[in-house]
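The next block holds one structure in the form of structure tokens; read it before the comments.
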Amino acid sequence: MIGRSPPEPVQVVKERRDRALDALVRGVPYISFLGIEFDRRGDELTALLPFKGAHIGNPDLPALHGGATASFLEVTAIIGLGWSILWEEIESGAVDPATISPERLPKLPKTIDLTVDYLRTGLPRDAYARARVNRSGRRYASVHVEAWQDNRARPFAQATGHFLMPSRG
Amino acid sequence: MNNAIAGRELIDALPFSQALGMQLEEIENGRAVISMPYDTRLIGDPRTGVIHGGAVSALMDTTCGASVISLPDGSGVTATIDLRIDYMRAATPGARIICTAICYHTTRTVAFVRANATDSDEPDAIPVASAVGAFTFQKQGIDT
């Protein structure tokens with residue numbers, strides 16, 4: 001095996017990726033306010049919205065507030081897109097995750113527009129969401145996001161949004 | 001009860017709207033105005049202190065729903081079918097955001113709503129965001 005470096009230890013790889021994701025998410029107060037968490041498997045992210053009484057819209061049903069759902073979808077889309085940009089940068093070595101700190105946060109994309117489609121009533125329980133970047137160009141990106149609760153095949157809301165890519169460097 | 005009065009009680013009681021600090025300013029005949037004071041917990045960009053788009057979306061959704069609830073010929077109940085939000089510019093850090101929603105048309109089953117959100121008292125100021133959406137609608141006294 002001349003001229004080939006040995007693969008990195010798995011802990012080193014995981015630590016680097018987790019640190020980068022944490023830096024992306026932790027600095028945003030609104031994400032903490034809603035209590036949204038992210039589960040990472042390789043480059044795939046699943047957003048989790050643990051149920052809180054404060055997320056309720058109509059207390060008589062009770063159902064999740066459409067605004068809580070819209071916020072969850074938008075956060076998932078922005079972090080999903082931001083993560084896909086950051087992933088390339090850390091895996092290529094362009095950005096060293098050790099240099100990422102609360103003072104030097106990765107820049108996040110900005111929302112241009114978002115269309116939310118309410119498919120079913122959001123139940124008073126945990127919700128999950130995944131974003132898919134359908135196009136990511138130099139300036140603009142188009143992202144689709146789906147949210148579900150008990151059953152992955154029965155989403156309760158989905159959204160498509162357009163985003164302005166963060167300026168590089 | 002009058003739908004504007006019932007709507008006021010309903011909107012004031014929404015836990016998520018309360019958590020975001022929303023205050024109902026006006027509600028009557030298919031028009032609603034709700035304000036949301038600046039709050040550091042709602043920041044989306046820590047570099048600038050600008051409020052997260054998701055919080056603005058929540059304000060738009062609530063105000064649009066309130067406008068439908070206030071319709072005098074409606075059942076006083078609604079749910080969002082879809083909502084599109086355009087973000088024209090970042091809200092000024094420190095400023096409260098005021099959203100005005102108008103239900104401009106209803107069919108037997110659907111209410112169509114437009115909304116604008118601004119952080120300025122100037123009537124000609126460019127809105128922070130605008131929205132257009134479709135909401136469920138039922139005429140008063142008609143069961144589906």
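None of the values given here were measured: they were computed from a predicted structure. Throughout, protein chains are lettered first and strands after them, A, B, ... in sequence-line order, and every chain is numbered starting at 1.
Other residues, nucleotides and ligands place more than 12 heavy atoms under 6.0 Å from the CZ atom of A/R16. Within 6.0 Å of atom CG in A/N151, more than 12 heavy atoms from other residues, nucleotides or ligands are found, so the atom counts as buried in its surroundings. Atom NZ of A/K14 sits in a sparse spot, with 12 or fewer heavy atoms from other residues, nucleotides or ligands closer than 6.0 Å. The neighbour count for B/Y104 OH, taken as heavy atoms of other residues, nucleotides or ligands under 6.0 Å away, is above 12. Within a 6.0 Å radius of CD in B/E122, no more than 12 heavy atoms belonging to other residues, nucleotides or ligands are found.
Residue-level contacts of residues 66-81 of chain B with chain A, in order of numbering, are B/T80, B/I81; threshold 4.5 Å between heavy atoms. Interface residues of residues 71-84 of chain A toward chain B, defined by a heavy-atom distance below 4.5 Å and sorted by number: A/S71, A/E74, A/V75, A/I78. Against chain A, the residues from residues 44-53 of chain B that qualify, each with a non-hydrogen atom under 4.5 angstrom away, are B/G44, B/P46, B/R47, B/H52, B/G53 in number order.
Only the side chain of A/L34 comes within contact range of chain B, with heavy atoms under 4.5 Å apart. Heavy atoms of A/A70 lying under 4.5 Å from chain B belong exclusively to its side chain.
At least one donor-acceptor pair closer than 3.5 Å links the side chain of B/T107 to the backbone N or O of B/T109. Although no hydrogens or angles enter the test, the distance criterion places a donor-acceptor pair under 3.5 Å between the side chain of A/Q149 and the main chain of A/R125.
Looking only at atom types and distance, the side chain of A/S142 has no donor-acceptor partner in the side chain of A/R135 under 3.5 Å away.
The residue among A/I31, A/T115, A/L119 with the most heavy atom pairs within less than 4.5 Å of chain B is A/T115. Among B/G133, B/A131, B/G54, B/A19, the residue making the largest number of heavy-atom pairs under 4.5 Å with chain A is B/G54. Counting heavy-atom pairs closer than 4.5 Å to chain B, the top residue among A/G57, A/G27, A/G53 is A/G57. In terms of heavy-atom pairs under 4.5 angstrom with chain A, the leader among B/I43, B/D86, B/L20, B/D82 is B/I43. Looking only at heavy-atom pairs under 4.5 Å with chain A, the residue among B/S57, B/A134, B/A55 that has the most is B/A55. In terms of heavy-atom pairs under 4.5 angstrom with chain B, the leader among A/D117, A/V28, A/V116, A/T160 is A/V116. The residue among B/L42, B/T40, B/L10 with the most heavy atom pairs within less than 4.5 Å of chain A is B/L42. The candidate with the highest count of non-hydrogen atom pairs below 4.5 Å against chain B, out of A/H162, A/H55, A/K110, A/H65, is A/H65.
Listed by chain and residue number, nothing satisfies the side-chain hydrogen bond (donor to acceptor under 3.5 Å, both in side chains) test with B/R8 (two or more places apart in sequence, or in another chain).
Between A/R40 and A/D18 there is a salt bridge, with a side-chain nitrogen of the basic residue lying less than 4.0 Å from a carboxylate oxygen of the acidic one. A salt bridge links A/R26 with A/D22: at least one charged nitrogen is closer than 4.0 Å to a carboxylate oxygen. For the pair B/E26 and B/R31, the salt-bridge criterion is met [side-chain N within less than 4.0 Å of a carboxylate O]. A/R132 and A/E146 are not joined by a salt bridge, as no carboxylate oxygen comes within less than 4.0 angstrom of a charged side-chain nitrogen.
To the nearest 0.5 Å, the span separating CG on A/D96 from CZ on A/R19 amounts to 8.0 Å. With rounding to the nearest 0.5 Å, the separation of CG in A/L164 from CD1 in A/I112 is 5.0 Å.
When side chains are defined from C-beta on, B/L14 counts as touching B/T62, because their heavy atoms get closer than 4.5 Å. Using a 4.5 Å cut-off on side-chain heavy atoms (C-beta onward), A/L45 and A/L21 make contact.
No cation-pi contact links B/R41 to A/Y30, judged by a cut-off of 6.0 Å to the six-membered ring centre and 45° from its axis.
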